[in-house]
2 protein chains.
Amino acid sequence: MTKAESKDNQQSSGHVAREVARLILTGVWREGTTLPREIELASRFGVSRASMRESLSLLKAKGLIASRQKAGTHVRARFDWNMLDEELLNWTLLALPTQEFAKQIMEVRRIVEPEACAICAVRGTDEDFARIERAYRGMDAAGMDRVAYAEPDLQFHRGILIATGNDFLIAFGATVAAALRMSFNLSSTNPGAPRKSLPYHRTVLDEIWARNPDGARQAMHKLMDLTEQNIVSAMSRQKKKDAEDENARTRRAR
Amino acid sequence: MTKAESKDNQQSSGHVAREVARLILTGVWREGTTLPREIELASRFGVSRASMRESLSLLKAKGLIASRQKAGTHVRARFDWNMLDEELLNWTLLALPTQEFAKQIMEVRRIVEPEACAICAVRGTDEDFARIERAYRGMDAAGMDRVAYAEPDLQFHRGILIATGNDFLIAFGATVAAALRMSFNLSSTNPGAPRKSLPYHRTVLDEIWARNPDGARQAMHKLMDLTEQNIVSAMSRQKKKDAEDENARTRRAR
DNA sequence: AGAATTATTATGTCAGACATATTTTCTGCG
DNA sequence: CGCAGAAAATATGTCTGACATAATAATTCT
């Protein structure tokens with residue numbers, strides 16, 4: 001359900017919003033910058049002013065911009081950007097998938113997920129646990145297929161958050177989703193890496209079933225360690241590869 | 001700056017969005033419900049279809065609704081709502097300031113803020129600490145004035161998050177802001193309560209200056225304890241008061 | 001009965017106009 | 001010359017009405 005819905009908003013307004021977001025995220029339009037007037041933006045993106053305004057309305061909702069009559073529309077301070085928003089996270093992933101971004105996202109996951117896991121072990125219902133176990137089985141069944149592994153992996157982590165019954169922890173699922181998507185993108189250089197996390201997930205699941213909060217917390221913590229390690233090494237590999245590609249291109253250009 | 005900007009969007013479209021959000025949050029329009037068509041919504045709220053669409057666009061951005069051509073606009077599953085969004089948090093506060101909501105928000109604060117505080121103690125710069133100290137002084141200077149106390153209190157907590165340098169933790173400031181606003185609203189029944197947190201803030205500040213992460217974590221943890229306690233007792237007091245008022249009204253009606 | 005076709009309908013997009021709130025410019029006075 | 005107050009300019013905010021598009025519902029034909 002969630003998967004299907006996230007595919008919505010493929011209308012042109014969504015594309016325009018994403019493009020404006022990209023310009024802001026990449027720093028073309030810095031904090032405090034007043035952006036071109038609506039009519040100009042509309043013509044630049046090839047849409048009507050009404051559609052343009054709908055796109056801007058979307059970005060306003062995410063805290064990226066604010067506008068006042070006559071004064072114009074400006075980029076808000078970074079502090080006001082709602083980085084925990086799923087779309088904004090994905091846009092950032094597309095625009096600036098930097099190592100810094102990866103470290104930050106893993107830092108919050110490390111803070112939130114082990115605790116959520118402990119709460120889950122105490123407060124979750126058997127149905128909650130069954131859902132998590134189904135996700136685990138899905139991961140197992142995926143074998144070495146990276147694509148098939150990704151979805152149940154997300155469901156596993158989301159399942160834990162849902163089991164806490166805390167709406168804010170559940171909303172944190174968007175951040176986890178972005179992190180997993182990042183991992184997935186990076187795993188192309190090392191297709192076997194995702195599967196290695198399976199036994200760690202198994203331990204988490206066992207501790208949850210045992211309703212052992214401390215064990216669950218610790219197990220999730222270890223899973224976070226492994227995940228971060230994978231991401232960091234994959235990123236440096238990617239970086240190296242990019243540098244080589246760049247080199248090759250430069251040589252060819254001569 | 002942030003304060004001024006948050007006062008934006010007082011245009012009618014903002015009001016409409018808030019009202020629709022209220023109807024969804026209070027369960028008048030439940031998850032999965034297809035809401036009336038745009039033209040009907042527009043006339044119901046007394047705005048044009050264009051304005052109505054801008055409002056809906058805002059709610060789409062926050063994950064509350066999704067729409068497909070011909071099929072209509074429907075309320076998305078709760079899991080997809082971005083509860084960590086500042087506006088959505090405020091709307092919830094206005095629509096359903098329940099004890100459950102208070103507990104949940106304090107549960108995440110308890111998870112995030114002590115860790116953020118520990119990171120702050122290690123990674124923060126002296127300028128960061130100075131900013132936090134300025135906020136502390138502001139709280140002290142406010143004395144028993146609840147209104148004057150609120151703003152520097154928020155700046156104190158935000159300052160710690162900012163000092164972590166982690167964009168996601170910084171974005172969590174929206175949640176803290178909502179929690180403090182809730183505390184503030186509740187403190188009317190016990191005007192002296194906020195000030196009691198001052199020495200706890202002092203301890204946090206000292207541990208940060210000492211660059212002692214464990215002490216900082218523990219100090220923040222104690223502050224969270226106190227805050228939660230205040231909120232819970234204030235809410236039960238409020239609940240009692242509301243019940244009495246209700247009683248009085250019923251008696252009068254006879 | 002079932003498949004293919006047509007009609008319907010709600011969102012998506014467009015165009016042009018006017019309203020409103022600020023900012024900027026202009027004007028007159030001390 | 002400086003400055004307060006009035007007038008003009010302008011970018012966002014709102015409205016109206018129309019057409020495009022895609023998904024659903026109804027209809028027709030085999």
Side-chain angles (χ1 to χ4, degrees), chain A residues 1 3-21 23-24 29 32-76 80 87, chain B residues 1 3-21 23-24 29 32-76 80 87:
Chain A
M1 186 202 301
K3 195 171 70 173
E5 288 186 339
S6 71
K7 291 267 181 175
D8 281 358
N9 287 23
Q10 288 293 352
Q11 324 290 354
S12 111
S13 89
H15 287 252
V16 172
R18 193 181 60 197
E19 179 58 15
V20 174
L23 290 169
I24 294 173
W29 290 331
T33 306
T34 297
L35 30 117
R37 64 177 93 92
E38 292 177 349
I39 303 176
E40 199 170 324
L41 284 171
S43 79
R44 187 184 298 189
F45 291 109
V47 297
S48 69
R49 198 182 146 217
S51 291
M52 191 68 228
R53 279 181 63 82
E54 281 187 39
S55 297
L56 294 177
S57 170
L58 226 131
L59 298 178
K60 262 182 225 180
K62 298 186 188 304
L64 285 182
I65 59 175
S67 49
R68 270 170 35 222
Q69 258 177 244
K70 163 74 185 179
T73 305
H74 65 274
V75 179
R76 291 181 67 180
D80 295 320
E87 267 178 305
Chain B
M1 185 201 298
K3 196 171 69 172
E5 287 185 341
S6 71
K7 292 269 181 175
D8 281 358
N9 288 24
Q10 289 293 350
Q11 323 290 352
S12 109
S13 88
H15 287 251
V16 172
R18 193 181 59 197
E19 179 59 16
V20 174
L23 289 170
I24 294 173
W29 289 332
T33 305
T34 298
L35 27 117
R37 64 177 96 92
E38 291 177 350
I39 304 176
E40 199 170 324
L41 284 173
S43 79
R44 187 183 299 189
F45 290 110
V47 296
S48 69
R49 198 182 146 217
S51 291
M52 191 69 228
R53 279 182 62 84
E54 281 188 39
S55 297
L56 294 177
S57 170
L58 226 130
L59 299 178
K60 264 183 221 179
K62 298 186 187 305
L64 285 183
I65 58 175
S67 49
R68 271 169 36 220
Q69 259 177 240
K70 163 74 183 175
T73 306
H74 66 273
V75 180
R76 291 181 68 181
D80 296 320
E87 267 178 306

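Every chain is numbered from 1, with letters handed out A, B, ... down the list of sequences. What you see below is based on every heavy atom in this structure, not just the backbone, and it leaves out hydrogens, waters and symmetry mates.
Between B/Thr73 and C/dA10, a side-chain N or O to OP1/OP2 separation shorter than 4.0 Å is absent. OP1 and OP2 of D/dG13 both lie 4.0 Å or more from every side-chain N or O belonging to B/Ser51.
For B/Ser67, the listed nucleotide lying nearest its side chain is C/dG12; candidates were D/dA23, C/dG12, D/dA11. Distances were taken from every side-chain heavy atom of A/Ser48 (C-beta onward) to each of D/dT14, C/dT13, C/dT23; the shortest belongs to C/dT13. You'll find that the side chain of B/Arg53 is closest to C/dT13, out of D/dT12, C/dT13, D/dA22. Closest to the B/Val47 side chain, of the nucleotides D/dC15, C/dC14, D/dA11, is D/dC15. Taking every side-chain heavy atom of A/Arg37 into account, D/dT12 is the closest of D/dA9, D/dT12, C/dT13. Among the nucleotides D/dT24, C/dA21, C/dT13, the one closest to the side chain of B/Arg49 is C/dT13. Closest to the side chain of A/Lys60, out of D/dG13, C/dG12, D/dT10, is D/dG13.
With rounding to the nearest 0.5 angstrom, the OG atom of B/Ser51 is 12.0 Å from the CD atom of B/Glu38. Here the OG1 atom belonging to A/Thr34 is positioned 11.5 Å from the CD1 atom belonging to A/Ile65, to the nearest 0.5 angstrom. Separation of atoms CG (B/Leu23) and CG (B/Leu35) is listed at 9.5 Å; rounding is to 0.5 Å.
For A/His74 and D/dT12, the NE2 to P distance is 12 Å, given to the nearest whole Å. In this structure, the NZ atom of B/Lys70 is 18 Å from the P atom of D/dA20, given to the nearest Å. Rounded to a whole Å, the CE atom of A/Met52 is 11 Å from the P atom of C/dC14. With rounding to whole Å, B/Phe45 atom CZ is found 18 Å from D/dC15 atom C1'. In this entry the distance linking CD1 of A/Ile65 with C1' of D/dT12 reads 12 Å, nearest Å. The CD1 atom of B/Ile39 sits 14 Å away from the C1' atom of C/dT8 (whole-angstrom rounding). Atom CG of A/Leu56 and atom P of C/dT13 are 14 Å apart (whole Å).
Put simply, the side chain of B/Val20 reaches to within 4.5 Å of the side chain of B/Met52, judged on heavy atoms.
DNA chain C is contacted by both B/Ala71 and B/Ala50; B/Ala71 maps to the nucleotide lying nearer its 5′ end (nearest heavy atom per residue). When the nearest nucleotides of DNA chain D are assigned to B/Gly46 and A/Gln69 by heavy-atom distance, the more 5′-ward of the two goes with A/Gln69.
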Inset, instruction - Assess whether side chain to side chain contact (heavy atoms under 4.5 Å, CB included) is satisfied between B/Leu58 and B/Glu54, documenting all intermediate values. - result: CA-CA 6 Å; B/Leu58 226 130; B/Glu54 281 188 39; over 6 Å; no

